[in-house]
Structure formats: structure tokens, C-alpha cells
Amino acid sequence: MENNKLSVDQAVPKLYQKAREEGIVTVFDRYEAQQPQCGFGLSGLCCRHCVQGPCRIDPFGEGPQVGICGATAEVIVARNLLRQVAAGAAAHVDHAYDVLEVLEKIAEGAESYGIKDAEKLKQVAHTLGIATANKTEQEIVKEMCQVIYFDFANSSTAPMTYLKANSPKERLELWEKLGVLPRNPDREIREALHQTTMGMDADPVNLILKTLRLGLVDGFAGLKLATDLQDIIFGTPQPVVTEANLGVLKEDYVNIIVHGHVPLLSEKIVEWSRKLEEEAKKAGAKGINLAGICCTGNEVLMRQGVPLATNFLAQELAIVTGAVDLMVVDVQCIMPSLAEIAACYHTRLVTTMPIVKIPGAEHVPFNSETADTASQEIVRMAIASFQKRNPAKVYIPREKAKVVAGFSVEAIVKALAKLNPADPLKPLIDNIVSGNILGVVATVGCNNAKVKHDWFHIELVKELIKNNVLVVTTGCSAHALAKAGLMDPAAAELAGEGLRTVLTAIGTANDLGGPLPPVLHMGSCVDNSRIGDLVIAVANYLKVSPKDLPIAASAPEYQHEKALSIGTWAVAMGIMTHLGVIPPVLGSPKVTQILTQDAETLIGGKFYVETDPYKAAAGMIEHIKTKRALLNL
Ligand code: NFS
Ligand code: SF4
């Protein structure tokens, strides 16, 4: 691929060039090798749900219009989408469940983890209706685990407790009316797989309603549950100052990269990297330097100030620097190609989870029992690896940007309280009402090899902030914006005048000596629940539904099934959700129409597909203005 088409991140073409010279194939090359991609797959018109298939529907009406069993384009597309959303939800729920199991172990007295945020523990307990007075932390945790486990064991038709406890009444009533209230999350995922097997549901509308239900499973049993429990165990993020991009790697330090998603692993690697610093010095390094890739990078950035190395699409290039002594991974978004690339350098790739093994990587089993011993072992492996580094192969790009991050809802409220201690949300609302802030857009999700790396995220966001739209962000979108310098308070100068005034007022009230950055980093992809919490808080404050707010969400460069399930949750919440990559549904005009049009009347939110960042920004701004007008703003 031509160097200037790869990425707007300047570290990428340099490392890509290095990879080429060293004969290493990366995601960019493999993407080219896949061209042209199959039109049936792109439009969602291929079914492999039984072995009579694969069946394909001809979108141009000349070839077959039904599969061998008689399934139509509408059915095949709707079934495929439901399966993707169910898979995304499964990933997040499994993540949350892993954290839940550790929380239970803490209550039983396990010592590898503890409770860092007792306030959050109490707050979550209250939300679940658990009294906390005169109870020890362990007692509260035990009760909380019981309530949450009940959701996973529930065999009745009662809706999920965790969802009921955390949703606005108006939404609950609507979801009930539409029949999309999820019961036991595991059962919903199982049922979605069943419903989409051969000879099952042939009603696209029924399939889409189930998709919405799986979106709610994702939002509450996945995102919200994971974030809440992680905050309890590891602390709720507060503002941190750090840096982003591969320039954070250090030549004379042991460089360890954490990659994956669940902070159970990455937090322990942070802890042991700090504790074993002396051993690294004895081995000839100046110390241990940690950096993160993908969402676990966001987790340790938000709570520990660990710098971001890079995001999804450049994960291989981190290794191509030749300066990474060890990369340790847990689950999700880990390219299998990493092992082959690591083998070209001294880099050790370490897998840790029973469900993620990669031939060529070393495997160190990590769980709540082995957490400390395994982490020590991994950090020591990195120190040993440092001594084998080949300086001739090292190239660390200089690119890096200053990042101010750590904006949990709690941190945002705390910052706003400096302006109005009695009523912290009021300054935010007042500025929305006055038009200083036109509205709020959340940019989330991944990189996708189909899109010039980081380009859509950055162009879209620059356009939004210029028009006084406050941007909150998570996931690999947050990485992109961080690397582009948009989380540096200095970037406030790119914001429109109204937005800049607000950012400066909040920054000054908080003694920051300048404005807040125009883009607020709210965390990992599961932390999209923080955005959900903020939306609900503002809606409750104004006594309206989330669907009435001047807001939108966007996944400009998404690739993962998780992004589809998150997007479905956002739509179910009533939020217009932009997709910058065309989802595989265009093969069904009916499904496309429901998702992009009818959904709005049904539930208040809809998908908005636009592959041009400037048009997408304009579309979202127009949407925001419409919502403002409806609120008489
Ligand atoms: Ni979200 Fe995170 Fe990145 Fe996409 Fe992957 S890391 S959970 S899925 S690629 S944002
Ligand atoms: Fe073909 Fe129907 Fe089997 Fe799908 S389920 S592969 S459409 S026969």
C-alpha cells in the first residue's frame, strides 16, 4: 500500500516502511491481498447457517432470490446481524462475568485484589437496593454478588435486575411495550443463537427486535456491569496527565505492552512493573516502561496514567519498533499475526487466557489465584528479554502527544462542582441551553482496515468541536484522538468560541491554568456505559427522555462485533448512532429501512450510515439542531 494512504498517524508510515524493508507483512498488506472483497458478504447476503449452504442471494435480482431452505434476503441479513450482535454482547458479558467472579473472591477473602473505591461500592449497592448501613465492605460485596448472580441464574421471565436498576422509567416502559426487555443475559445469548439456526425465525421484524434485546444485554450485563465492578475493584478514574503514541517507548527501559481488554491482568502488570523496577535496573535498564494498546490500554491510562502506545490497526507496528521487550495479551482485538511478527524480533508475546492461545506465543495462565505469581513471571520475562534486544533493529518514532484523560462521570461532576457545588450539572445544562455547547457527540469504537487509519475519527471530531459540539470518547477512537493531540488542553483553540469559553471556565475553576481539552476521554469500550450514565443523568435532570437530548453517537471506523452490539444498545437508548463503515445489511432493503428510519419512530434512536466524515459531522449537527428545536432551545 502507498505510504501516504495508510494513516494520518505519522508513526505508521515510518514503521510500515521498516516492516517492508524487513520483509514483514502487516494488516495493511493483508487488506490489499483480500481485494476485491465478496459482494455477497459485504451486503449480508451469504448464509452458512446450515450445511446445505452456503447460499447466496443475488442483490441484482437476476440470480436466486431465496436460499435452498427458502430463506429470503431479509431473513438472511437479519439473522446474520442478530448473530453478530449476540457475539458482541457475549464478549462484553463474558468480560463482566470474569470481573464479577473476582469480586466474589474478594468477598471470600482473596488477597490478590481488593476494594479500591468504597464509595462506588456503596453507590452501586444502593442502586441495586442493597442497604449498606452497619455492614462491612465484604458483606456488601457478598450481597451485591448474589443479586448479580441472580441475573445469570434467573430462569423466569423477569427482566434483568441490573438493567432495571440502571435504566430510566420511560425507557423501561418502552422496552417492555416492544417486548425487548432482556431476562437472564446468558439465556438471551443462547436463545439468539437458537433463533438464528436453520429452520427457525423467518420474520425480519422479530429478528430485529431480538437484536435490540441483545443490544440491551450488551449495555447492561456487559458494559455497565463491567465498568461498575472494575471501578469498585480498581478505583473510579480521576483526571490524569500522560502521553500517547509509539514515541512513548523508551530506548533504555524495559518496554512492556499490555494489550487486550480486562484490567484484571493489566492492573497487575502495572503493579508488578513498579515493584520489580530494581530488578530491571540490575539487568542494565533504567527501569520499566509500560504502555497500552487497545482497551486495556485505556483502562490503565484512565486509572494509572499509563501512556497509550497505539490503537488497534497499528498493534503490529508496535512490535516492528524492535523496542518492545514483551507484549502481554488477554482477550479481544488481538491480531493472530502478532506471533509471527514478534518472531522477527526479540519480542516475547505472552497469552494468558484459556480462550486465547496463539501458536508461537508463550502461554502463562492468569487467573485470580495466579494473578501475582503470573504477573511477576511475565515482568521478569520482559526483563530477560530486554537483555536480548538487538539495538540494530530498534527504531522508536518520535511521535507522541500530551494527553489529559480520566473523565469518568464522577470526575466530570467533580470538575463541574467547582462552578456550582450545590448543583454541579447546572453549569453544563446552562451552557447547552445558551448554545455555548451546541450538543454532545460520543465517538467510539475501533479502527478498520477499510478506512485510512484514524482519519475518520480525527476529521469528524475536528469538524464537531469547531461547531461547538462537545466530544466525549472511548475505545480506539479515544486512542486516535489522543495521538492527534486533541486531548491536549491546547487543542481547545480548535474549538468554536462557545465551547472554548466553557472549557476555559471549567479549567480555570479547577486551577488547571487553562482550558479542559475539547475531547474528553471517558475510557475503554465497556466504559461507553459511563457515557450512558451521563446521558441518563442529564435526561433525568431535564425530565426528558434520552431520545430528546441534542446528542449523537458515532463509530467512525468500527470493525468489531462488539461495536455493533454497543451501537444497538445506543439506538435502544434512543440515540442516533452514526456508522462510518457500511454494515453488512444493505442486501435487505427492509432491514436497512428499519435500522436507519423506522427505528426512530419505534424507539427514538436509529443508525445513520455515512462514509464521509464532513457529511457525517453535518448530519449529526443537523440532528442536534433538530433536537434543540424540539426542546425549544
Ligand atoms: Ni472496542 Fe476495544 Fe479497539 Fe474496537 Fe477493539 S480495542 S473494545 S473493539 S478495536 S475499540
Ligand atoms: Fe441456505 Fe437456508 Fe441453510 Fe442458510 S439455512 S445455508 S439459506 S439452506
Side-chain angles (χ1 to χ4, degrees), residues 27 40 44-57 64-80 83-84 87-96 195-202 218 222-223 226-227 258-263 266 292-299 301 308-315 329-335 442-449 451 453-454 456-457 473-482 521-529 554-567 569 579-581 587:
V27 62
F40 296 101
L45 285 173
C46 170
C47 179
R48 295 191 302 117
H49 292 197
C50 89
V51 184
Q52 301 177 92
C55 296
R56 308 182 299 184
I57 307 297
Q65 294 303 297
V66 285
I68 293 168
C69 67
T72 60
E74 323 287 1
V75 174
I76 291 174
V77 167
R79 268 196 319 217
N80 285 340
R83 279 221 169 167
Q84 288 193 293
H92 284 140
V93 174
D94 212 33
H95 169 162
Q195 191 171 343
T196 49
T197 56
M198 192 271 146
M200 287 292 291
D201 204 353
D218 187 78
L223 315 181
T227 299
V258 287
H259 176 13
H261 282 79
V262 190
S266 53
I293 289 182
C294 285
C295 279
T296 216
N298 284 323
E299 297 284 357
L301 165 108
L308 296 174
T310 192
N311 51 358
F312 175 75
L313 210 57
Q315 57 183 278
V329 304
D330 55 6
V331 292
Q332 302 167 14
C333 301
I334 301 146
M335 290 190 194
T443 71
V444 308
C446 331
N447 298 129
N448 183 320
V451 184
H453 178 227
D454 288 352
F456 207 135
H457 292 292
T473 184
T474 58
C476 288
S477 187
H479 282 260
L481 303 172
H521 191 338
M522 294 189 74
S524 65
C525 280
V526 296
D527 292 337
N528 283 318
S529 65
S554 170
E557 303 178 16
Y558 77 99
Q559 53 86 10
H560 207 281
E561 288 168 319
K562 291 177 288 174
L564 287 172
S565 57
I566 295 169
W569 161 72
L579 301 175
V581 180

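Whatever order the structure lists ligands and atoms in, that order sets their numbers, starting from 1. These numbers come from the heavy atoms of this one structure, side chains and all, not from hydrogens, waters or symmetry mates.
- Heavy-atom proximity to Cys294, at under 4.0 Å, picks out these atoms of ligand 1: 6 (S).
- Annotation: side chain of His95 is in contact with side chain of Pro263 (closest heavy-atom distance under 4.5 Å).
- At a 4.0 Å cut-off, at least one heavy atom of Arg79 sits close enough to ligand 2 to count as contact.
- Nearest heavy-atom pair across Gly88 and Asp218 is O-OD1, 3.5 Å.
- Closest heavy-atom contact between Cys525 and Gly475: SG-CA, 3.9 Å.
- The protein non-hydrogen atom at the shortest distance from atom 3 (Fe) of ligand 1 is Cys476 SG, 2.3 Å.
- In Gln332, neither the side chain nor the backbone holds a heavy atom less than 4.0 Å from any atom of ligand 1.
- Panel note: side chain Ser477, backbone Thr473; no donor-acceptor pair is recorded below 3.5 Å.
- The closest approach between any non-hydrogen atom of Gly445 and ligand 1 is below 4.0 Å.
- Partner Leu223 forms a side-chain contact (heavy atoms from CB on, under 4.5 Å) with one of Asp527, Thr474, Asn528, Val93 and no other, that one being Asn528.
- Every atom of ligand 1 is numbered from 1 in the order shown, and the set under 4.0 Å from a heavy atom of Phe312 is 9 (S).
- Summarising the geometry, atom SG belonging to Cys294 is positioned 8.5 Å from atom CG belonging to Asn298; distances are rounded to the nearest 0.5 Å.
- Of the candidates Gln559, His92, His479, His261, it is His261 that places a heavy atom closest to atom 7 (S) of ligand 1.
- Using a 4.5 Å heavy-atom threshold, the side chains of Leu301 and His521 count as touching.
- For His92 (side chain) and Ala226 (main-chain N/O), no donor-acceptor pair under 3.5 Å exists by modelled atom type.
- Of the protein's heavy atoms, Cys446 SG, 2.5 Å lies nearest to atom 4 (Fe) of ligand 1.
- Listed for the Asn448 side chain is a donor-acceptor partner under 3.5 Å among the backbone atoms of Tyr558.
- Here Cys333 has side-chain heavy atoms under 4.0 Å from ligand 1, and that is the only part of it that gets that close.
- Protein N/O/S atoms found under 2.8 Å from atom 3 (Fe) of ligand 2, listed by chain and residue number: Cys50 SG.
- Take Glu557 and apply the salt bridge (Lys or Arg N to Asp or Glu O under 4.0 Å) test, not counting sequence neighbours, and it matches no residue.
- Atom CZ of Arg56 has 12 or fewer neighbouring heavy atoms from other residues, nucleotides or ligands inside a 6.0 Å radius.
- For atom 1 (Ni) of ligand 1, the nearest non-hydrogen atom of the protein is Cys525 SG, 2.2 Å.
- Here is the list of ligand 1 atoms found below 4.0 Å of a heavy atom in His560: 8 (S).
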